[in-house]
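Position 1 is the first residue of the sequence, and the numbers go up from there. Computed from a predicted structure; not experimentally measured.
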Amino acid sequence: MTLSTPKKPTYAAAAPVAKNTNRVFRVVDRLRAYRRLGLHALRCGVSPSNLLRTQFPFLLPDARKPPIVTVELTNICNLKCTYCTSPLGLRPRGYMSDETFNALERSLADMKVERVRVVGNGESTLHPRFQDYVTRLAAAVPHVSVLSNGNWKRERVGHTMLDANVRLMEFSADGGDAEAYERSRVGGDFERFVRNLRALRKERDRRRARSLILVRLMVRPSELARKADLMRFWREIADTVFVQYIRYRKNLEYGDDVFPLGENADDDYPKCTLPFKDLGVEWTGAVPLCSGSESQLGPPGLILGNVNETPLAELWNGPVMSSYRCGHRNRDLEKIAICRGCGQGV
């Protein structure tokens, strides 16, 4: 895959589906999944205000700590998904070190963070210390989730999340058969993926563990007519299904089977909620403003600092994050300059 600026696809009838910044639409479209996930998070000790902030942060004052901290243990991956930036190698590849993880762990404890998502630009289960790290995270934070592609060659990999007491196990999926799945997930094996999820659910039930299994179903415009059938298929394998729409993204060649960003996307400043709810930590310890800044500015994006040198609390409440929150809340466009035309706003 090469960097270029492709012609934007035109799926006018489907455009409303791709409007990620329409919070009401997002919640209604995924109401069944949100209800299941929300109730589960509350039972795990997540506060109601935390859940509200992740969906409608403009209704509340700015939080003094991030509702969610996203942790990238590695940006190395065993797949080359067609809509992912990981195969491009835009950043140096590697694994989070013990030093960086220890600094992260201290920051999480100091802030009393309620939720951590282990995700990033790679496959987190490939980290040599994966089980140790997620076990320590789960001991320090009420709700830890892990996003994986689920293409392990050893069934035991999935069991490590149950051993670590991970509350939510998330898996990205495409289509409902080998052809559709493997077309998007280059290097993936559909049969192995389904087999792994079924085995994981069986083991979870045997242990009577409280962990939820979620499938994040990636949907293209050509699959909209089959969306209900695809969701039924994956609901037989997972506890719940969360739909995500594959959207046009700058500098990536997707072909034409993706959702557009929306009308006049290059001229608009999407009202984004990311600066209010999420703080990401890359495997190096670098903390970017948001996941979209790299696409807007090019690698490495707008970096606030590094957790090895500055506690997360200082970065979250620092002048840059505060300025972008103020800009989005008050629609002060001068304060959100890099957000123009961004397709990552959620």
Lys/Arg N to Asp/Glu carboxylate O, Asp132 vs Arg129, below 4.0 Å: yes

Sub-4.5 Å side-chain heavy-atom contact between Asp62 and Arg329: yes

Residues Leu212, Ser145; criterion side chain to side chain contact (heavy atoms under 4.5 Å, CB included); working and verdict: CA-CA 9 Å; Leu212 273 185; Ser145 63; over 6 Å; no

Backbone of Ser222 reached by a side-chain donor or acceptor of Asp257 within 3.5 Å: yes

Lys277 side chain near Leu274 side chain, heavy-atom distance below 4.5 Å: yes

Closest contact, heavy atoms only, Pro142 versus Cys44: CB-O, 3.6 Å

Close side-chain approach of Phe56 to Val27, heavy-atom, < 4.5 Å: yes

Derivation and outcome, side chain to side chain contact (heavy atoms under 4.5 Å, CB included), residues Arg115 and Val46: CA-CA 7 Å; Arg115 287 200 282 175; Val46 176; 3.7 Å; yes

Check: Ser86 side chain, Asn121 main-chain N or O, donor-acceptor pair, under 3.5 Å: yes

Closest contact, heavy atoms only, Asn149 versus Cys77: ND2-SG, 3.8 Å

Minimum heavy-atom distance between Val166 and Ser211, given as atom pair plus value: O-OG, 2.5 Å

Separation of Tyr83 OH from Ile246 CD1 (nearest 0.5 Å): 5.0 Å

Nearest-0.5 Å distance, CD of residue Gln131 to OG1 of residue Thr125: 12.0 Å

Check: Trp152 main-chain N/O paired with Asn196 side-chain donor or acceptor under 3.5 Å: yes

Arg192, CZ: over 12 other non-hydrogen atoms inside 6.0 angstrom: yes

Electrostatic pair Asp205:Lys202 at N-O distance under 4.0 angstrom: no

Side chain to side chain, Asn50 and His143, heavy atoms closer than 4.5 Å: no

Face-on cation placement of Arg93 at Trp283 ring, 6.0 Å and 45° thresholds: no

Donor-acceptor pair, side chain of Thr74 and main chain of Gly94, under 3.5 angstrom: yes

Considering all heavy atoms, the nearest Gly175-Glu223 contact: CA-OE2, 3.9 Å

Salt bridge (Lys or Arg N to Asp or Glu O under 4.0 Å) partner of Asp239, the single match among Arg210, Arg201, Arg167, Arg32: Arg201

Nearest heavy atoms of Val141 and Glu114, plus distance in Å: CG1-O, 3.1 Å

Side-chain donor/acceptor of Thr54 to backbone N/O of Leu51, under 3.5 Å: yes

Check against ring pair (Phe, Tyr, Trp, His ring centres under 6.0 Å), Phe193 and Trp234: CA-CA 12 Å; Phe193 176 61; Trp234 290 110; 5.6 Å; yes

Other residues, nucleotides, ligands: >12 heavy atoms within 6.0 Å of Arg331 CZ: yes

Under the side-chain hydrogen bond (donor to acceptor under 3.5 Å, both in side chains) test, residues paired with Lys227 that sit two or more places apart: Asp29, Tyr245

Main-chain N/O of Gly120 paired with Asn75 side-chain donor or acceptor, under 3.5 Å: no

Note, Leu197 side chain near Val215 side chain (heavy atom, < 4.5 Å): yes

N-O pairing of Arg91 and Glu72 below 4.0 Å: yes

Arg136 side chain reached by Asn102 side chain, heavy atoms, under 4.5 Å: yes

Test side-chain hydrogen bond (donor to acceptor under 3.5 Å, both in side chains) applied to Glu203 - qualifying residues, sequence neighbours left out: Arg206, Arg207

Side-chain (Ser293) to main-chain (Leu302) donor-acceptor, under 3.5 angstrom: yes

Residues, nucleotides or ligands: over 12 heavy atoms within 6.0 Å of Arg235 CZ: yes

Parallel, tilted or perpendicular, as decided by the 30° and 60° cut-offs, for the rings of Tyr133 and Phe101: parallel

Asn151 vs Asp189 side-chain heavy atoms within contact, under 4.5 Å: yes

Contact check, side chains of Leu137 and Leu108, non-hydrogen atoms, under 4.5 Å: yes

From CA spacing to verdict: side-chain hydrogen bond (donor to acceptor under 3.5 Å, both in side chains), Ser148, Glu123: CA-CA 6 Å; Ser148 170; Glu123 172 55 30; 2.7 Å; yes

Exam field: side chain His127 to backbone Met96, donor-acceptor pair closer than 3.5 Å: yes

Tyr95 to Leu126 - nearest heavy-atom pair and separation: CE2-O, 3.6 Å

